[in-house]
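Data block below; observations after.
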Amino acid sequence: MWIGNKEIQSPIIIAPMAGISNDAFIQLCFEFEAGLAYGEMVSDKAIYYGNEKTMKMLEFSKDNHPLSLQLFGSDISTMVYAAQFLDKHTDCDFIDINMGCPVNKVVKTGAGSAMMKSEDRSAEIVHRIVENVSKPVTVKMRLGWDREHINCLSLSRKLQDAGVSAIALHARTRSQMYSGKADWSYIRLLKENLSIPVFGNGDVRSVADFIRMKDETGCDGVMIGRGIIGNPFLIRQIADYLSGKEVKELSYEDKLSYCLKHAQKLKDLKGEKLALAEMRGIAPHYLSGMYNSTAYKEKINRMRSYQELCDIVEDFRNELAAYYSSEQ
């Protein structure tokens, strides 16, 4: 598929996730053959004022491509400035505008999902950005503010006219946040009415979900978010399915090894303290579904060093080996 003037080789799209989609995580995603990955959203104002933490968030390894960097904001001048900064001073392939984030601290500024309330103004912001950058511009949105105000199709048409090169639709309303069921029928509606690529997002947690979303909606790409936290192996499983290979489950040994690999990459990227803070939330997902994982998840929540995480994982590996040996 083509997004603007750039070709994407695979329909496996990795969603932008706050606190997750950093260089360490995206390295793993591309290792497992993702087609396109989004970095976590960054503030236009933070770029405008040169915030040091935000500038670090824009740094990615040279092999992390194709890559999209996502902006959130609602002020025309600073959004254009930030988009131009991404265009000229980063190595991203696409610039995405966030019209989907539902959290209060974002929407109260008029950004994220709140942008869907003002279709014409949001289309004007996008138009101004498209006019002032050379890289393809895309948008990620939701169905609408709530069930009584679903306007994803009308807004998408205006955004297409404004020059966006692709639209990703998280098929929930803002009021749903991350609960309830995603309504994929609207993904199909957008695909049937737009001429640009449409990515479907919401409730994809397995190869079967991926297949079903493609079949039911006809979307050009399937965007996966929470379904790959602690489970980036799903990307490889989908890639194997698409290439006609046997879809295999990873062994517990491999899953635990990737947990430590993720932690090591985070440690290299952010230092041990910040890496541990993030891995307390991420590592338990790598252990989910395994025998007696609850006890080890509790230990991970209390860990104080990278070496302690290694020791916990090794103890768990030994317990699992003994357990599965006794089961044979």
Side-chain angles (χ1 to χ4, degrees), residues 1-8 13 15-16 36 38-39 41-45 47-48 66-88 90 92-102 106-107 109-145 149-171 173-174 186-201 219-221 223:
M1 111 188 78
W2 287 83
I3 304 175
N5 60 356
K6 295 183 181 292
E7 187 176 12
I8 304 300
I13 315 297
L36 166 64
Y38 287 54
M41 66 180 185
V42 292
S43 162
D44 63 330
K45 292 289 197 295
I47 291 176
Y48 183 79
L67 175 71
S68 179
L69 293 179
Q70 187 184 69
L71 287 173
F72 75 92
S74 59
D75 179 79
I76 292 179
S77 61
T78 51
M79 283 291 281
V80 171
Y81 175 92
Q84 288 179 312
F85 184 91
L86 296 185
D87 191 42
K88 297 175 183 177
T90 75
C92 71
D93 300 284
F94 306 99
I95 298 168
D96 189 72
I97 310 305
N98 183 314
M99 297 190 189
C101 182
V106 171
V107 298
T109 67
S113 296
M115 291 187 75
M116 297 193 70
K117 290 183 168 184
S118 305
E119 292 187 13
D120 291 340
R121 187 172 187 279
S122 296
E124 174 62 19
I125 291 174
V126 168
H127 176 66
R128 290 278 298 278
I129 290 172
V130 170
E131 281 188 324
N132 284 280
V133 300
S134 60
K135 293 173 181 176
V137 177
T138 63
V139 168
K140 185 171 187 286
M141 65 170 64
R142 289 194 168 221
L143 300 183
W145 189 255
H149 300 88
I150 292 179
N151 63 324
C152 54
L153 179 57
S154 59
L155 176 56
S156 293
R157 283 173 166 156
K158 291 177 181 178
L159 295 174
Q160 179 174 263
D161 291 342
V164 298
S165 296
I167 288 178
L169 179 64
H170 181 168
T173 63
R174 187 270 172 174
Y186 286 95
I187 301 171
R188 184 172 190 84
L189 183 67
L190 261 59
K191 178 58 187 170
E192 291 174 343
N193 285 275
L194 300 179
S195 59
I196 56 176
V198 172
F199 304 152
N201 178 220
C219 63
D220 301 281
M223 180 177 276

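Atoms considered below: every heavy atom in the structure, side chains included; atoms not considered: hydrogens, waters and symmetry mates.
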Working to the nearest 0.5 angstrom, can you tell me the gap between [X] [atom1] and [Y] [atom2]?
X	Y	atom1	atom2	result
Met1	Leu36	CE	CG	7.5 Å
Phe94	Lys6	CZ	NZ	6.5 Å
Ile13	Phe199	CD1	CZ	4.5 Å
Ile167	Ile97	CD1	CD1	12.0 Å

Where [X] and [Y] come nearest, the two heavy atoms and their spacing:
X	Y	answer
Ser195	Gln160	N-OE1, 2.8 Å
Gly110	Ser74	O-CB, 3.4 Å
Asp44	Gly73	OD1-CA, 3.5 Å

Check side chain to side chain contact (heavy atoms under 4.5 Å, CB included) between [X] and all other residues, then give those that pass, not counting sequence neighbours.
X	answer
Arg157	Leu153, Asn193, Leu194
Tyr186	Leu143, Arg147, Ile150, Cys152, Leu169, Asp183, Leu189
Ser154	Glu119, Asn151
Ser165	Ile3, Pro136

Is the shortest heavy-atom distance from the side chain of [X] to the side chain of [Y] under 4.5 Å?
X	Y	value
Ile95	Leu69	no
Ile8	Pro66	yes
Met99	Leu155	yes
Met41	Leu71	no
Arg174	Met116	no
Asn98	Met141	no

Got a sec, which residues hit side chain to side chain donor-acceptor pair (under 3.5 Å) with [X], two or more places apart in sequence or on another chain?
X	answer
Asp96	Gln70, Thr138
Ser113	none
Lys191	Asp220

Only one of Ser43, Cys101, Pro16 clears side chain to side chain contact (heavy atoms under 4.5 Å, CB included) with Phe72; which?
Ser43

Could I get the full list of ring-ring contact (aromatic ring centres under 6.0 Å, His included) partners for Tyr48, not counting sequence neighbours?
Tyr81

With sequence neighbours excluded, give me every salt bridge (charged side-chain N to carboxylate O under 4.0 Å, His left out) pair touching residues 120-145.
Asp120-Lys158

All pairs passing salt bridge (charged side-chain N to carboxylate O under 4.0 Å, His left out) where residues 70-88 contributes a residue, at least two apart
none

Under 3.5 Å donor-acceptor, Ser118 side chain and Met115 backbone
no

